[in-house]
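To start, the structure itself, in structure tokens.
As the structure lists them, so they are numbered: ligands from 1, and atoms in each ligand from 1. We count residues from 1, following the sequence as given.
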Amino acid sequence: MSIAKEQVEALLDFIDESPSAFHAVKSIENKLISFDFKALKETDIWNIKPGGRYYIIRDDSSIICFVLGKKLLTETGYRILGAHTDSPGLKIKPNAVKNSDGLLRLGVEIYGGPILATFTDRDLSIAGRISYKTEEGHIASKLVKFDQALLRLPNLAIHMNRKVNEEGLKLHKQNELALILSAAVEEQLSAKYLHELLANASGIDADKILSWELNVYDTQKGSFWGDQQQFYADSQLDNLASCHAGIHAMLNESTLDSDTTLVCALFDHEEIGSESTKGANGCFLPDTLQRIAFASNVNEEDYQRALAKSFMISADMAHAYQPNFPSAYEPEHKVTVNKGPVIKVNANHRYSSESISEAMFIQWCEMSDVPYQTYSHRTDIPCGSTIGPITSAKLGVRSIDVGNPMWAMHSIRESAGVEDHHYMIKVINTFFTAE
Ligand code: ZN
């Protein structure tokens, strides 16, 4: 098997064990521990040493890991790879259970901007975090995941929706998204029905469960496709593919023995604007970088000097050209699957790229023997954004927005190219190790 294929296989395994942002951070933490990374707590005093490997988790779904360089921060600055752990989709409402017409359904709220029609007719289930009271009366949290397909949003038959192929599937957000969970339930359902379901999955007593953050996920595993199996499909490629590339690029001998301080910052809440304690528009990354500096006996002025020497790659997926829909794309900026990472450029700074950071990234691509492409959105369609502009603005760090080309962004089943994942790992690795 080619290296690229092995790396994508590892990516698909990572996504399949990460049905929520909480699970993604747990999977990343397990990987880091296997490479001798040590957990740091925000409530503790940090004793960190050059050459050491560390990670910090904020609220279970954002994580920053770093290798403390052997040279002074003022000499090298930080090299930061940023990405996000969350994906758009459906979240279970607090009072979710609806019992009517011989069916039990769960009410959901929309998180970010999913393509809702893609959630129909899929083998859906539930994953996330529950908070509960321990025997001693403390508050604790536990990740929970139902393995089997539990929920479904059946489509309306074409006989009742004759124009679906002309007008597309439109779902009313309040009335038409509840997910079917069970048939023929008793009139009087226990008030703690959902608690009991969660108790079975988590092993926590139903009456101890106080609250939860649960999302809907697709139980279908990732797969390769295409005549040469040169493409792959899974949920959450945006943006677990970039998280995986960043972590993978950090975890090898050349990077783990680094003169420069290397950072992977993976945030929740990008899909809803990043404004939260653990989002990219919060203080998690600035706090962490500052604490790394102060714990290394670097003073305030030298910390600012280190930032001025730093660079961040904001990695988030890009829109690959789909030839069935030519009018959706800017004709001179078609980016192609399996043709390399995409540099994203936007005059209104929806992406953080500028000419110097672009030139630097191009140089790293050339050094890695990796092709690259440049993307610009159609001028008459509003462009999405990333954590790049927010984070670089907060830190004053030079930054670039890049990402691998993919199809069907925000579908529950996205797809991308096998070679691109390998290319992205290679170029991030060069970024981490280049002089
Ligand atoms: Zn994204």
Side-chain angles (χ1 to χ4, degrees), residues 11 14-15 18-25 28 61-63 80-91 110-116 118-119 215 217-218 222 232-248 264-276 278-282 284-285 312-320 322 335 337 341-346 349-353 373 375-377 381-392 399-417 420-421 424-425 428:
L11 164 64
F14 162 59
I15 293 176
S18 306
S20 73
F22 300 111
H23 288 82
V25 165
I28 292 164
S61 59
S62 291
I63 183 166
I80 307 162
L81 183 285
H84 64 90
T85 56
D86 61 326
S87 296
L90 303 174
K91 302 239 178 193
I110 299 168
Y111 177 82
I115 305 175
L116 292 172
T118 65
F119 283 69
N215 61 266
Y217 82 94
D218 188 353
Y232 64 97
D234 209 340
S235 62
Q236 307 177 90
L237 297 187
D238 171 17
N239 195 19
L240 292 186
S242 306
C243 293
H244 185 260
I247 293 291
H248 209 96
C264 276
L266 310 176
F267 300 99
D268 196 356
H269 290 163
E270 191 272 347
E271 298 291 355
I272 50 164
S274 295
E275 194 155 308
S276 70
K278 56 188 167 179
N281 204 15
F284 188 30
L285 183 58
M312 186 178 85
I313 293 180
S314 158
D316 205 344
M317 301 301 272
H319 303 298
Q322 213 287 35
V335 299
V337 164
V342 175
I343 298 170
K344 306 184 200 175
V345 180
N346 179 261
H349 222 63
R350 304 286 289 159
Y351 302 132
S352 63
S353 315
Q373 318 179 66
Y375 181 79
S376 173
H377 213 58
I381 301 179
C383 178
S385 192
T386 71
I387 62 161
I390 302 167
T391 319
S392 58
S399 170
I400 187 161
D401 267 283
V402 301
N404 273 338
M406 65 174 287
W407 288 303
M409 188 178 284
H410 293 193
S411 165
I412 199 165
R413 192 81 179 168
E414 301 167 325
S415 59
D420 293 326
H421 193 56
M424 185 60 89
I425 292 170
I428 297 170

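In this structure the side chain of Met317 never reaches within 4.5 angstrom of the side chain of Val342, judged on heavy atoms.
The number of heavy-atom neighbours closer than 6.0 Å to CD of Gln322, taken from other residues, nucleotides and ligands shown, is above 12.
Classified by interplanar angle (parallel below 30°, tilted 30° to 60°, perpendicular above 60°), the ring pair His421/His244 is parallel.
Qualifying side chain to side chain donor-acceptor pair (under 3.5 Å) partners for Glu271, counting only residues two or more places apart in sequence or in other chains: His410.
Proximity of a side-chain donor or acceptor of Asp401 to a complementary backbone N or O of Ser352 within less than 3.5 Å is detected.
With values rounded to the nearest 0.5 angstrom, Ser385 atom OG is found 7.5 Å from Tyr351 atom OH.
Protein N/O/S atoms found under 2.8 Å from the Zn ion (ligand 1), listed by chain and residue number: His84 NE2, Asp238 OD1, Asp316 OD1, Asp316 OD2.
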